Amino acid sequence: MNLISIVLFLVPFVFLIAFFIGLVKKNKRLWITALILFTVILLAEIAYFNFTV
């Protein structure tokens, strides 16, 4: 695995952590934004890794 693949795998975890922080702190804007970005990036990565491998 190269560095770019590792970074691509870690990006959704950053948004997942931000989602849980937003839930705990009851910051609605943070958790909604993190959830949307998490799902969009996760779907993009699934499509990228399925069609390039």
Side-chain angles (χ1 to χ4, degrees):
M1 274 178 123
N2 55 9
L3 184 62
I4 294 173
S5 295
I6 294 171
V7 170
L8 285 176
F9 280 126
L10 292 178
V11 168
F13 292 114
V14 171
F15 289 116
L16 190 62
I17 291 168
F19 170 72
F20 287 119
I21 290 173
L23 282 177
V24 169
K25 292 189 177 261
K26 296 180 181 166
N27 188 346
K28 189 174 184 178
R29 185 183 302 170
L30 176 65
W31 73 261
I32 289 177
T33 305
L35 182 64
I36 291 170
L37 289 174
F38 174 74
T39 54
V40 167
I41 290 175
L42 189 67
L43 290 174
E45 285 186 10
I46 289 171
Y48 175 75
F49 285 114
N50 277 341
F51 295 125
T52 58
V53 172

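Everything quoted here is computed from the prediction, not taken from an experiment.
- Note on L3 and V14: separate hydrophobic clusters, where clusters join Ile, Leu, Val, Met, Phe, Trp and Tyr whose side-chain heavy atoms are under 4.5 Å apart, directly or indirectly.
- Side-chain heavy atoms closer than 4.5 Å link hydrophobic residues (I, L, V, M, F, W, Y) into clusters, and following such links, possibly through other members, connects I46 to V11.
- Between F15 and A34, the shortest heavy-atom distance links the atoms O-CB, 3.5 Å.
- Separation of atoms CG (L30) and CG (L35) is listed at 11.0 Å; rounding is to 0.5 Å.
- W31 CH2 to F20 CZ: the interatomic distance, rounded to the nearest 0.5 Å, is 11.5 Å.
- The local environment of CD1 in I4 is sparse, with at most 12 non-hydrogen atoms from other residues, nucleotides or ligands closer than 6.0 Å.
- Taking the six-membered ring where the residue is Trp, F9 and F49 present parallel rings, their angle staying beneath 30° rather than reaching 60°.
- A heavy-atom distance below 4.5 Å is found between the side chains of F19 and L23.
- Here the CD1-OH distance, from I41 to Y48, works out to 14.5 Å after rounding to the nearest 0.5 Å.
- Looking at T39, its side chain does come within 3.5 Å of a backbone N or O of I36 through a donor-acceptor pair.
- Taken to the nearest 0.5 Å, the CG atom of L16 stands 12.0 Å off from the CG atom of L10.
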